There are 2 protein chains.
Amino acid sequence: MASPEIEALTQALARLPGLGPRSARRAVLHLLKKRETALTPLLRALETVNERLSTCSTCGNVDTSDPCAICADPRRDQRSLCVVEEVADLWALERSRLFPGRFHVLGGRLSALEGVRPEDLSVDRLVARVSGGGIDEVVLATNATLEGQTTAHYIAERLESFPIRLTRLAHGLPVGGELDYLDEGTLAQALRARRPID
Amino acid sequence: MASPEIEALTQALARLPGLGPRSARRAVLHLLKKRETALTPLLRALETVNERLSTCSTCGNVDTSDPCAICADPRRDQRSLCVVEEVADLWALERSRLFPGRFHVLGGRLSALEGVRPEDLSVDRLVARVSGGGIDEVVLATNATLEGQTTAHYIAERLESFPIRLTRLAHGLPVGGELDYLDEGTLAQALRARRPID
Ligand SMILES: [Zn+2]
Ligand SMILES: [Zn+2]
């Protein structure tokens with residue numbers, strides 16, 4: 001029906017999570033009809049992000065600057081570090097505005113099944129950050145899945161010799177639940193009731 | 001939470017139909033994580049479409065060429081013309097692959113309420129196409145709304161002196177229904193049973 005160029009745009013949009021082929025077609029039609037107010041702003045925003053996109057060499061967040069806006073913000077509590085599996089989890093916690101400290105993105109979780117080992121995650125970099133000093137508390141905010149909890153225990157072992165409070169999000173997270181899908185209320189409760197790793 | 005650049009991208013996506021703030025954030029995160037396979041292809045597709053986007057000076061379709069792919073296709077039946085209100089309606093009919101002819105996009109519908117008059121639509125251009133000859137049938141595929149039907153009647157009057165079959169989509173369209181939202185089965189039935197304007 002449409003030109004190959006418009007087809008390519010439709011398919012690129014349809015591959016985004018939350019958009020199917022039908023809603024992608026609607027979105028494309030909207031972009032074509034509203035060139036000045038929709039297509040151009042989206043294009044410019046993508047160009048800018050594409051130019052500046054980088055992974056924060058401190059925490060692993062993705063942002064348009066390195067260090068990322070969170071690591072560079074002097075108002076954030078530098079003595080408190082929250083360890084998450086993925087950037088999506090960091091964003092979920094940031095949306096809730098509950099955690100005043102900084103983050104550390106592991107880049108996944110330990111998984112025998114998927115062959116993910118400690119050296120595949122940024123655990124060594126986390127240990128280095130902690131051993132650098134100045135950190136009082138590390139909150140392990142891995143998912144409440146078996147693999148997430150295994151990862152938390154592994155990290156707890158790696159950090160046990162440091163003079164820090166090591167805590168994890170309270171249960172209250174639904175078992176098997178993934179952080180990124182939780183509402184803010186649940187996240188708030190879990191964070192408030194965080195407790196030391198046994 | 002995110003940099004202004006990433007916020008701008010999220011907002012540009014959130015304004016697309018079918019995407020809210022939450023799914024836009026998910027989409028952005030996906031784009032940031034899959035730079036090579038998601039962000040770059042979407043950016044290139046948008047750039048190409050933005051460069052080549054034009055409105056077909058023959059039929060009013062939006063495409064990456066003028067004349068559009070439909071008007072330029074020699075296999076389409078040039079003796080049959082389907083008049084629609086909006087480009088979205090043209091696309092809905094094209095998706096169903098039911099109409100073998102060409103189109104004419106009015107760019108709206110007559111509306112006393114919204115102050116849309118005949119000269120605001122491409123009716124004169126339609127009359128010019130028909131008076132140019134070579135057209136046997138004009139199918140009036142305006143929406144089954146009061147304004148759509150008023151528009152169809154007005155066009156029928158403007159075309160009554162020409163030696164053409166003037167038809168409209170059969171009722172069978174749900175009353176008040178907009179073409180763009182119908183399933184293909186309903187569209188197929190309505191097109192098959194099209195009948196002369198009284
Ligand atoms: Zn950072
Ligand atoms: Zn055309």
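Just so you know, these numbers come straight off a predicted model, no measurement behind them. Numbers restart at 1 for each chain; the letters A, B, ... are given by sequence-line order, proteins then strands. The analysis underlying the following values was restricted to heavy atoms, covering all of them including side chains, and did not include hydrogens, waters or symmetry mates.
Residue B:Pro17 comes nearest to A:Arg26 through the heavy atom pair CG-O, 3.8 Å, listed as atom of the first residue, atom of the second, then distance.
Within the 4.5 Å cutoff, the side chain of A:Leu32 has no heavy atoms near those of the B:Asp63 side chain. Considering only heavy atoms from C-beta on, B:Arg15 stays 4.5 Å or farther from A:Lys34 through its side chain.
Of the two parts of A:Lys33, only the side chain, counted from C-beta on, holds a non-hydrogen atom closer than 4.5 Å to a non-hydrogen atom of chain B. With a 4.5 angstrom heavy-atom cutoff, B:Thr37 touches chain A only via backbone atoms. Contacts of A:Gln11 with chain B are absent, with no heavy-atom separation under 4.5 Å from either backbone or side chain. For B:Arg35, the part lying near chain A is the side chain, with the backbone staying farther off; criterion is any non-hydrogen pair under 4.5 Å.
For the options B:Ala27, B:Gly20, B:Ala8, heavy-atom pairs under 4.5 Å to chain A are most numerous at B:Ala27. Contact count against chain A (heavy-atom pairs under 4.5 Å) is highest for B:Leu42 among B:Leu19, B:Leu42, B:Leu16. Top candidate by heavy-atom pairs under 4.5 Å with chain B, chosen from A:Leu29, A:Val62, A:Val49, is A:Leu29. The most heavy-atom pairs under 4.5 Å with chain A, out of B:Cys68, B:Ala38, B:Ala45, come from B:Ala45. Most heavy-atom pairs under 4.5 Å with chain A, from the set B:Asn50, B:Thr48, B:Val87: that is B:Asn50.
In this structure, the separation between CZ on A:Arg44 and CG on B:Leu9 is 13.5 Å, given to the nearest 0.5 Å. Rounded to the nearest 0.5 angstrom, A:Ser65 OG and B:Glu5 CD are separated by 7.5 Å. How far CG of B:Leu43 is from CG of A:Leu46: 5.5 Å, rounded to the nearest 0.5 Å.
Residues B:Leu146 and B:Val83 fall into different hydrophobic clusters, defined by Ile, Leu, Val, Met, Phe, Trp and Tyr side chains chained together at heavy-atom separations under 4.5 Å.
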